[in-house]
There are 2 protein chains.
Amino acid sequence: MDKLFKALADGTRRELLDLLFVHNGQTLGELCKHMTMSRQAVTKHLVILEEADLVTVVWQGREKLHYLNPVPIGEIYHRWIGKFERRRIDALQTLKQALEEDSSHE
Amino acid sequence: MDKLFKALADGTRRELLDLLFVHNGQTLGELCKHMTMSRQAVTKHLVILEEADLVTVVWQGREKLHYLNPVPIGEIYHRWIGKFERRRIDALQTLKQALEEDSSHE
DNA sequence: TTGACATGCAACTAAATTGTTGCATATAAT
DNA sequence: ATTATATGCAACAATTTAGTTGCATGTCAA
């Protein structure tokens, strides 16, 4: 779970996921064309995405095809976001009450 | 959106959110009791959570009460996770096909 | 008012992150 | 075979991050 959140923490990596979302199965070279940094920098980001299991790689000859894997994203939702979302209304209500109590003390 | 992902990237900060989820409205001192690091370190993490709008603060005398704000979490789901989840099945299908094509080349 | 308690601010250190460049290796095309 | 293409590996530098410690400030309680 930590690798997953860390992978998503970087804007460049989220951009790479966006690129794969638009056109899945791109090679490293293709992805680099859309980025401003060096190829090696992009490689490093992709490795992090692979280790977080957000991207799956298929070698085809000398080309490395990158596929978006949406499963871990789903896990974030179900295992972590879900629990906060479930009580979203309740928590907001609690917060609202706390704020009202506080302003009544002034 | 970047501040939000960066805030969630750290395990300690996710732990703090979990603590507030269990018992909302805790003071800095109360939160520190559950953590191993120094009070100042916890403060820094809380500031980052506040700047990401994940935690809202209410001052009560000399005590600082911390409330979990689940709204930004909901935004992650709707603005970013949603788009991948929506096509989750499709993307998995594409990935599966790619893997099958590849193994047929061997 | 004095002492204890809750928190803030700032300087410093260590480690992780993000990028670079140079060179190596493997595959494809002429 | 030779050359061009696609990618990998490793060393380095700059920045950010996560933690520490020491001291200051503001509030409650005796």
Side-chain angles (χ1 to χ4, degrees), chain A residues 1-20 23-52 54-67 98 101-103 105-106, chain B residues 1-20 23-52 54-67 98 101-103 105-106:
Chain A
M1 206 51 149
D2 189 63
K3 276 191 178 182
L4 187 48
F5 275 108
K6 282 226 158 61
L8 292 172
D10 185 87
T12 301
R13 289 193 286 271
R14 293 197 300 275
E15 207 177 321
L16 286 168
L17 293 179
D18 286 341
L19 287 173
L20 291 179
H23 175 21
N24 213 4
Q26 294 186 68
T27 66
L28 172 58
E30 285 169 338
L31 290 169
C32 284
K33 282 176 195 159
H34 301 87
M35 312 299 290
T36 60
M37 65 195 65
S38 70
R39 175 178 57 83
Q40 287 80 353
V42 176
T43 297
K44 284 191 187 179
H45 284 299
L46 287 170
V47 167
I48 291 170
L49 290 171
E50 288 166 38
E51 286 177 348
L54 281 161
V55 163
T56 305
V57 159
V58 175
W59 276 95
Q60 200 154 350
R62 63 181 167 180
E63 288 184 334
K64 194 183 184 187
L65 307 182
H66 297 82
Y67 290 91
E101 273 179 38
D102 185 63
S103 53
H105 290 330
E106 288 172 11
Chain B
M1 204 52 146
D2 190 63
K3 276 191 178 181
L4 186 48
F5 275 109
K6 282 225 158 60
L8 292 172
D10 186 88
T12 301
R13 289 194 286 272
R14 293 198 301 274
E15 207 176 322
L16 286 168
L17 292 179
D18 286 340
L19 287 172
L20 292 179
H23 176 20
N24 212 6
Q26 294 186 67
T27 66
L28 172 59
E30 285 168 338
L31 290 171
C32 284
K33 281 175 195 159
H34 302 86
M35 312 299 289
T36 60
M37 64 194 66
S38 72
R39 174 179 58 82
Q40 286 81 352
V42 176
T43 297
K44 284 192 186 179
H45 285 299
L46 287 170
V47 167
I48 290 170
L49 290 171
E50 287 166 37
E51 286 177 347
L54 281 161
V55 163
T56 305
V57 159
V58 176
W59 276 95
Q60 200 153 350
R62 63 180 166 179
E63 288 185 333
K64 193 184 186 185
L65 307 181
H66 297 83
Y67 291 91
E101 275 179 38
D102 185 62
S103 53
H105 290 328
E106 287 170 13

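Both backbone and side-chain heavy atoms feed into the values below; hydrogens, waters and symmetry mates do not. A note on names: the letters A, B, ... follow the listed sequences, proteins ahead of strands, and every chain is numbered from 1.
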Is it the case that the side chain of B/His34 and the backbone of B/Glu30 share a donor-acceptor pair, with hydrogens and angles ignored and the cut-off at 3.5 Å? yes
Just wondering, do B/Leu31 and B/Leu20 contact through their side chains at under 4.5 Å, heavy atoms? yes
What is the distance from NZ of B/Lys3 to P of D/dT17, rounded to the nearest Å? 11 Å
Can you measure B/His66 atom NE2 to C/dA6 atom C1' for me and round it to whole angstrom units? 11 Å
With a cut-off of 3.5 Å and sequence neighbours excluded, list every side-chain donor-acceptor pair involving residues 7-15 of chain B.
residue, atom, partner, partner atom, Å
B/Asp10, OD2, B/Thr12, N, 2.8
B/Asp10, OD2, B/Thr12, OG1, 3.4
B/Asp10, OD2, B/Arg13, N, 3.2
B/Arg13, NE, B/Ala7, O, 2.8
B/Arg13, NH1, B/His45, ND1, 3.1
B/Arg13, NH2, B/Lys6, O, 3.1
B/Arg14, NH1, B/Leu8, O, 2.8
B/Arg14, NH1, B/Ala9, O, 3.3
B/Arg14, NH2, A/Asp2, OD1, 3.1

Specify the separation, in whole Å, of atom CD of B/Glu51 and atom P of D/dT17. 11 Å
Here the distance between atom C1' of D/dA6 and atom CD of A/Glu30, to the nearest Å, is 12 Å
When you check every protein heavy atom under 4.0 Å of nucleotides 25-30 of chain C, what one-letter string (B, S, -) results, 5' to 3'? --BS--
At a cut-off of 3.5 Å, list every protein nitrogen or oxygen paired with a nitrogen or oxygen from nucleotides 20-23 of chain D, distance to 0.1 Å.
residue, atom, partner, partner atom, Å
D/dT20, OP2, B/Ser38, N, 2.9
D/dT20, OP2, B/Ser38, OG, 2.6
D/dG22, O6, B/Gln40, NE2, 3.1

Could you go through residues 36-44 of chain A and list every donor-acceptor pair under 3.5 Å that involves a side-chain atom there, pairing it with any protein atom two or more places apart or in another chain?
residue, atom, partner, partner atom, Å
A/Ser38, OG, A/Ala41, N, 3.2
A/Thr43, OG1, A/Arg39, O, 3.1

Pairwise side-chain contact, B/Leu19 with B/Met35, heavy-atom cut-off 4.5 Å (strictly under): yes
How close do B/His23 and B/Gln26 get, counting heavy atoms only, and between which atoms? O-NE2, 3.0 Å
For the OG1 atom of B/Thr27 and the CZ atom of B/Arg62, what is their distance to the nearest 0.5 Å? 11.0 Å
To the nearest angstrom, how far is B/Leu46 atom CG from D/dG19 atom C1'? 15 Å
When you compare the side chain of A/Val57 with that of A/His66, does any pair of heavy atoms fall below 4.5 Å? yes
B/His45 NE2 to D/dA18 P, in whole Å, measures 6 Å
Per nearest nucleotide of DNA chain C, the residue lying toward the 5' end, A/Ala9 or B/Thr43, is B/Thr43
To the nearest angstrom, how far is A/Phe5 atom CZ from D/dT17 atom P? 18 Å
Measure the CG-CD distance between A/Leu46 and A/Glu51 for me, rounded to the nearest 0.5 Å. 11.5 Å
Using atom CG of A/Leu49 as one end and atom C1' of C/dT18 as the other, report the distance to the nearest whole Å. 14 Å
What protein N or O atoms touch nucleotides 13-17 of chain C N or O atoms at under 3.5 angstrom, if any, and at what distances?
none

List the steps and the verdict of side-chain contact (heavy atoms from CB on, under 4.5 Å) for A/Val55 and A/Leu17. CA-CA 8 Å; A/Val55 163; A/Leu17 293 179; 3.9 Å; yes
Can you name the residues that form a side-chain hydrogen bond (donor to acceptor under 3.5 Å, both in side chains) with B/Glu63, not counting sequence neighbours? none
